[in-house]
Amino acid sequence: DVKVTQSSRYLVKRTGEKVFLECVQDMDHENMFWYRQDPGLGLRLIYFSYDVKMKEKGDIPEGYSVSREKKERFSLILESASTNQTSMYLCASSLSGQGTEAFFGQGTRLTVV
Amino acid sequence: DAKTTQPTSMDCAEGRAANLPCNHSTISGNEYVYWYRQIHSQGPQYIIHGLKNNETNEMASLIITEDRKSSTLILPHATLRDTAVYYCIVRVNSGGYQKVTFGTGTKLQVIP
């Protein structure tokens, strides 16, 4: 069974903290994605990666960075967490090429206080 | 980017077919249409995808118009468990790589 695993389901952090959200997939997928989801705004793409050490900005990259040192792991980093980064964060992975589906993790609900 | 437009919400009676429309008028010739759904508090789940032919699987059918500017997801016999937000997306090429961008989706409420 295919799996995308996010390290935490719920997380509470303080303003100004450096926050790491981890995502691991066991399907040998080339592509990995980080989204945030907020009420009324749907899923918005933060960053994606199409290969190890490669990354591309999504639609809302400001305030975030990413790291992909190994193919199976894609980390989202909040350098200095702010309250407006309180959100649900979703990780996904897919094979390259058209006609392939993306698989999602269960999400991490981050609260910044 | 090929963007999609969906109605914000829809209701459907249990046991009836649910027809969810999506407009993607700027879609490029080699871009696939995908449908996902998200049940409350879970990650999105893949349903179906297609390029230009109609597609059917155990979950749903996908009807794509001949000009590919719109599509309809059909759940043939909706159940209460089909209540979810349904996303229609187009895989967008970004520098040669596929960027998966979601919109706000359609909230489908299946009514007993």
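Here is how names work: the chains are called A, B, and so on, in the same order as the sequence lines, proteins then strands, and each is numbered from 1. In what follows, every heavy atom counts, from backbone to side chain, and hydrogens, waters and symmetry copies are set aside. The structure displayed is predicted, hence computed values, not measured ones.
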(message) With a 4.5 angstrom heavy-atom cut-off, is it the side chain or the backbone of Q45(B) that approaches chain A, or both, or neither?
(response) neither
(message) Let me check something: do V85(B) and Y34(B) share a hydrophobic cluster, defined by ILVMFWY side-chain heavy atoms less than 4.5 Å apart, either directly or through other members?
(response) yes
(request) Find out if a path of hydrophobic residues (ILVMFWY) with successive side-chain heavy-atom gaps under 4.5 Å connects I74(B) to Y36(B). (result) no
(message) Can you tell me which portion of R9(A) sits under 4.5 Å from chain B's heavy atoms? Options are side chain, backbone, both or neither.
(response) side chain
(message) Using only non-hydrogen atoms and a strict under-4.5 angstrom cutoff, which residues of residues 62-81 of chain A touch chain B?
(response) none
(message) Check whether S93(A) reaches the backbone of M32(A) with its side chain - one donor and one acceptor, N or O, closer than 3.5 Å.
(response) no
(request) Quick one: closest heavy-atom pair of L95(A) and D28(A), and the distance? (result) CD2-O, 4.3 Å
(message) Between P21(B) and M10(B), is there a side-chain heavy-atom distance shorter than 4.5 Å?
(response) yes
(message) If you compare all heavy atoms of A84(B) against all heavy atoms of I39(B), which two are closest, and at what distance to 0.1 Å?
(response) CB-CG1, 3.8 Å
(message) Could you check whether R37(B) and Y86(B), counting side-chain N and O atoms only, form a donor-acceptor pair closer than 3.5 Å?
(response) yes
(request) Could you please state which residues from residues 34-47 of chain A sit under 4.5 angstrom from chain B, measuring non-hydrogen atom to non-hydrogen atom, sorted by number, or 'none'? (result) Y35(A), Q37(A), G40(A), L41(A), G42(A), L43(A), L45(A)
(request) Consider only side-chain N and O atoms of S25(B) and N23(B), and report whether a donor and an acceptor are under 3.5 Å apart. (result) no
(message) Could you walk me through whether S9(B) and Q109(B) satisfy the side chain to side chain contact (heavy atoms under 4.5 Å, CB included) test, starting with their C-alpha distance in whole Å, then the side-chain angles of each, then the deciding distance to 0.1 Å, before giving a yes or no?
(response) CA-CA 8 Å; S9(B) 64; Q109(B) 182 72 48; over 6 Å; no
(message) Main chain of I47(B), side chain of N57(B): is a donor-acceptor contact present, judged purely on distance under 3.5 Å?
(response) yes
